[in-house]
Amino acid sequence: MERAPRSILFALGVLAAVVFAQAGRADALPTLSGRWSATAMRVAWNIGDWGEACGPRPGGGGAPGGTATIVQSGGELTITGAGRTYSTAECWEQFPGLDRRSHSGGQRGWKSTCKTAANDPRQATVVTTISATDSTISFDETGQYQFLINGQNCTASVRRSRSFRLIQRQGEPAPAAPSASPAAPSATPPIASLARPAPEPKPRACAEPGPPARLEVRPSRKLMRPGDEFTFRSAVLDATGCALTTPPTWHLATAGAPARLLGPGRLRVDDDAGESEFTLSAVVAGRAANVVVEVASKERYDALLRHGGFDDSGESGEAAVAVIASGSIGARDARAVDDARARRQLFIGVVGGASLLLGLTGLALVLRRRKAPLEPPPEDELPARAPALLGEQAAVGPMVCPTCREEYAAGAGFCAADGNRLVPFDEDAGARGPTGGVCPVCGQGFDPGIDACPEHDEQLVPVAVYRARRVAAATTHTICPMCGTQYPGDAKFCGKDGATLLPLN
């Protein structure tokens with residue numbers, strides 16, 4: 001009777017061990033080691049205060065897409081390819097003085113926080129978060145930057161993100177080759193041979209490509225040292241993405257750039273070039289894709305390579321793009337582009353010539369009208385035509401300025417001192433009537449009752465005050481640009497047409 005319970009307990013123990021072993025195997029997660037496809041890193045900068053003392057505005061910091069090899073070891077991932085070699089135990093940002101302050105990780109999630117020292121004037125905080133499933137990995141990093149340079153605040157923030165998709169897990173068979181390509185090898189090279197990222201796929205060729213619609217030049221920004229050579233990569237595509245054989249025309253868009261072109265897209269920086277930045281252009285159908293070349297000294301090159309938004313080869317992850325309007329380069333007949341350009345130039349020339357002719361004609365009429373003497377009409381026609389031609393001045397005698405009360409002979413229209421329009425002389429008030437004010441900015445006179453200059457919004461001052469403030473004129477005479485009449489040096493306005501006088505040296 002005592003053996004039965006013991007055998008039962010033994011059987012139960014064996015069953016429990018089997019159950020726990022199966023549960024342990026069920027809880028074991030598949031490895032993330034293998035070959036993965038990575039998207040290009042998306043980078044979004046937000047610039048706050050950033051003055052001249054802050055230096056160049058931050059930008060870039062991404063990485064191109066491609067194939068990457070991931071090795072999972074000791075609870076961390078090591079990612080090689082698609083930009084550079086990177087570990088989940090660190091932050092992607094490699095800003096100088098940035099050190100890791102905290103880190104947490106596991107089989108499917110990692111987080112690192114990196115900061116600069118508390119006494120560093122370049123305060124930066126970077127938080128990198130990576131999460132994974134059995135077949136996908138998400139990367140997200142945020143950075144906050146606040147520098148104090150020469151007493152000026154420089155603030156900016158950035159967010160970087162990308163994703164990975166599993167292609168082949170380590171230890172598992174390679175995916176089957178497509179049925180349409182029976183001649184392709186069915187085996188995939190081992191993971192250890194995939195450390196070098198696959199080259200970017202070239203635009204597909206089409207049997208009957210259309211006209212060019214898009215020009216791409218890579219990279220959009222290149223870091224170089226004096227004496228370096230580099231060949232930029234270009235692709236001309238039609239509206240469907242088919243590659244064309246149309247070559248772009250290359251030229252240095254920045255005058256005096258310390259570099260020269262050795263061939264299509266091949267650039268060499270001068271050996272004695274100083275630190276500078278210039279633009280290289282690739283042109284197709286009149287549309288240019290501009291790339292920026294930054295020349296750095298050998299001492300600053302490594303520092304910019306780490307935190308200037310470049311990969312290990314000094315390239316940015318983005319491409320310079322030019323959208324090309326409809327054209328015929330690369331099509332059957334290229335003469336349509338030349339004809340359109342000629343017609344456009346002819347149209348611009350005709351319109352410009354007509355505008356110039358009309359402007360000269362109008363100017364001649366105005367000058368002729370200004371210079372023509374004002375002859376009084378015959379006496380027999382004066383009663384009927386006087387109101388239309390001369391207004392009230394036909395029946396009045398001497399004129400007076402309502403601003404300064406200076407008197408003028410009959411026929412004068414404007415005050416030579418302050419440019420105000422003259423009014424008929426009032427014999428009852430004489431020269432003792434109320435005076436107006438003068439704008440202290442432009443010197444224009446106004447009638448009594450007006451307090452401010454409508455053009456400059458300045459409070460008017462009395463005539464005596466304005467004249468007391470004026471500095472003696474440096475010239476002995478002034479001249480009217482409209483009629484050519486000369487005046488003493490203290491006059492500012494023409495008494496005939498009210499134009500502002502110019503100094504006559």
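Side-chain atoms are counted along with the backbone in the values below, which use heavy atoms only and exclude waters and symmetry mates.
In this structure, R84 satisfies the cation-pi test against W92, with its NZ or CZ atom closer than 6.0 Å to the six-membered ring centre and inside 45 degrees of the ring normal. A cation-pi arrangement is present between R225 and Y301, with the terminal nitrogen or guanidinium carbon under 6.0 Å from the aromatic centre and inside a 45° cone about the axis.
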*Derivation and outcome, salt bridge (Lys or Arg N to Asp or Glu O under 4.0 Å), residues R169 and D134*: CA-CA 10 Å; R169 197 184 311 277; D134 290 348; 5.6 Å; no
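Taken as a pair, C91 and C114 meet the criterion of an SG-SG distance shorter than 2.5 angstrom.
Between D418 atom CG and F446 atom CZ the span is 9.5 Å, to the nearest 0.5 Å.
The pair E93-R160 meets the salt-bridge criterion, with a side-chain N (NZ, NE, NH1 or NH2) lying under 4.0 Å from an Asp/Glu carboxylate O. With salt bridges taken as basic N to acidic carboxylate O contacts below 4.0 Å, none links K115 and D99.
Residue H456 comes nearest to C442 through the heavy atom pair CE1-CB, 3.4 Å, listed as atom of the first residue, atom of the second, then distance. The two residues A243 and L237 have their closest heavy-atom pair at CA-CD2, 3.8 Å.
Defined by atom type and a distance below 3.5 Å, a donor-acceptor pair is present between the side-chain atoms of R266 and T231. No side-chain donor-acceptor contact under 3.5 Å links T155 and Q146.
Not a single disulfide bond (SG atoms under 2.5 Å apart) links C453 to another residue, sequence neighbours left out. Considering only residues two or more places apart in sequence or on other chains, R165 meets the salt bridge (charged side-chain N to carboxylate O under 4.0 Å, His left out) condition with none of them.
Within the structure, side chain to side chain donor-acceptor pair (under 3.5 Å) contacts touching residues 268-280 (residues at least two apart or in different chains) are R221-E277, E229-R268, R268-D271, E275-S297, E275-R300.
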